[in-house]
Number of protein chains: 2
Amino acid sequence: MSVAIAAGAVCAQLRKDILAGLFAFGGRLKIDELAARYATSHMPIREALRQLQGEGLVTVEPNRGARVRKVDIEFIRDIFDLRVALEGMLARRAAERIDQSQLARLSAIEEKLEASAARKDFTAVLAANQAFHAVINEAAGNVEAIRVLEVHWNLIIALWGRHGYGPDRAAGVISDHRQLIVALRARDADGAVMLASAHAVKAKQEMLRRFEATAGSAKAA
Amino acid sequence: MSVAIAAGAVCAQLRKDILAGLFAFGGRLKIDELAARYATSHMPIREALRQLQGEGLVTVEPNRGARVRKVDIEFIRDIFDLRVALEGMLARRAAERIDQSQLARLSAIEEKLEASAARKDFTAVLAANQAFHAVINEAAGNVEAIRVLEVHWNLIIALWGRHGYGPDRAAGVISDHRQLIVALRARDADGAVMLASAHAVKAKQEMLRRFEATAGSAKAA
DNA sequence: CAGTGGTCTAGACCACACG
DNA sequence: GTGTGGTCTAGACCACTGC
């Protein structure tokens, strides 16, 4: 046996399943159903739901049950504004603290990202993109901000997956990244802030455009 | 009877008790103990702890139990940097959207704050300060950012309570607030960002100074 | 190889929605 | 009412710690 800590495992798996689109945004999360799916009893499920509620991925109404967070256009605007603010701040700290090894990793990841883009493997591009930002966050070293941002990053990746992440978007990302690396290497904090913020603003605009285009088909199921 | 939803009540009360200093930062949270204190059984306590974990106030190690989040100088720097970034962003959105009624409430709160400061009632000043920022957040209307900020605000207030919030700090707050109101009224978004950010940076510096001064007496118990 | 304390299961209880 | 489904209690089980 020894699955060890059912609640933690359920939480991780459920988070993954929600982001993978297995449960629709705004959709009901029934305890019995989840208990059957994850082969456990009620309480570990409840714990997982509570934790995800704390993270903001799930909403729970007393005596009414849990739902996956509803995603509408205001929510998207909100989390992207949040991302713009946080990534600017993280870029500043990264510029002040980044070391050679991190710069090297950043360049390596960027090369992989560009190769994947050339291959039109946009799932790989998304993954490399996340890795790129993870290195910057690591260099910034603000654990608390990263904790906050992580939840939203995962959501944003899920949204790109649902609404399409194509060549046009990838091209913009690549030039932004290259310039950001230059700024970080030069320890140009103000430049890094501007570049990172602009990068996030572009992502926001792009996402809003796509979400509006796909509007109506908000159900994922 | 009918306490209705033990888990939710426990969560709220425990949060309050932690922030009130009833449990030391970094201190152990034993389930049996909490169950006795809040007159309930294990599971509602566990749920509350999970939710607070999601919010970042509590850390849980599998099979090792829960602790109140450790507060050290890096953590303080981190959450204040986060606050600087978020309040700047919120101030921009507030400048773009604030209405007359909100501006009026802002001025009213500020008058109360100044009166309390004159009376040297610094608990009231802290409360009014929170109300002031609450109106700005409401005007900004970024629910997600506010959700994130709220947890940290509560922590920050708790820290001011522990490390002293005195006349010198209050004086700076007052002039900052007045200028911020002017910028918001004029819909000067860039100005509001600068003022709000600088305001938060000052708070950060002040808090770091006090925390370092009180260092060593990190235990609250 | 106990003791402490965290984790899970099973099942009863109860709130709310519907016919 | 009846049914669905959320919530809680009691107690067994099990992982780690220290004698």
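Here is the naming used below: chain letters follow the sequence lines, and residue numbers restart at 1 for every chain. Since the structure is predicted, the reported quantities are computational estimates derived from the model, not experimental observations.
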What donor-acceptor contacts under 3.5 angstrom involve side-chain atoms of residues 100-112 of chain B, with partners at least two apart or in another chain?
{"unit_1": "Q102(B)", "atom_1": "OE1", "unit_2": "D99(B)", "atom_2": "N", "d": "3.0"}
{"unit_1": "Q102(B)", "atom_1": "NE2", "unit_2": "E138(B)", "atom_2": "OE2", "d": "3.0"}
{"unit_1": "R105(B)", "atom_1": "NH1", "unit_2": "E138(B)", "atom_2": "OE1", "d": "3.2"}
{"unit_1": "R105(B)", "atom_1": "NH2", "unit_2": "E138(B)", "atom_2": "OE2", "d": "3.0"}
{"unit_1": "S107(B)", "atom_1": "OG", "unit_2": "L103(B)", "atom_2": "O", "d": "3.3"}
{"unit_1": "E110(B)", "atom_1": "OE1", "unit_2": "H177(B)", "atom_2": "ND1", "d": "2.9"}

Among residues at least two apart in sequence or on other chains, which ones pass side chain to side chain donor-acceptor pair (under 3.5 Å) with Q53(B)?
Q51(A)
Please determine if E206(B) and R209(B) form a salt bridge, counting it only when a charged side-chain N lies under 4.0 Å from a carboxylate O.
yes
To the nearest Å, how far apart are [X] [atom1] and [N] [atom2]?
{"X": "I5(B)", "N": "dG5(D)", "atom1": "CD1", "atom2": "P", "result": "18 Å"}
{"X": "E61(B)", "N": "dT4(C)", "atom1": "CD", "atom2": "P", "result": "21 Å"}
{"X": "L49(A)", "N": "dG6(D)", "atom1": "CG", "atom2": "P", "result": "9 Å"}
{"X": "N63(B)", "N": "dA15(D)", "atom1": "CG", "atom2": "P", "result": "7 Å"}

Using atom types as modelled, flag every donor-acceptor pair under 3.5 Å from a side chain in residues 64-77 of chain A to any protein atom, sequence neighbours excluded.
{"unit_1": "R67(A)", "atom_1": "NH1", "unit_2": "G26(A)", "atom_2": "O", "d": "2.7"}
{"unit_1": "R69(A)", "atom_1": "NH2", "unit_2": "E144(B)", "atom_2": "OE1", "d": "3.1"}
{"unit_1": "D72(A)", "atom_1": "OD1", "unit_2": "F75(A)", "atom_2": "N", "d": "2.9"}

Write out all pairs satisfying salt bridge (Lys or Arg N to Asp or Glu O under 4.0 Å) with one or both partners inside residues 123-137 of chain A, taking only residues at least two apart or from two chains.
none
Pairing donors with acceptors under 3.5 angstrom, does anything connect the side chains of E87(A) and W153(A)?
yes
Kindly assign one of parallel, tilted or perpendicular to the pair H133(B) and H199(B), based on the angle between their ring planes and the thresholds 30° and 60°.
parallel
Any side-chain heavy-atom pair of F132(B) and V173(B) under 4.5 Å:
no
Has T40(A) got a side-chain N or O lying under 4.0 Å from the OP1 or OP2 atom of dC8(C)?
no
Near DNA chain C, which residues from residues 41-48 of chain B have a heavy atom under 4.0 Å away?
H42(B), M43(B), R46(B)
Residues within residues 26-39 of chain B bordering DNA chain C, heavy-atom distance below 4.0 Å:
R28(B), K30(B), I31(B)
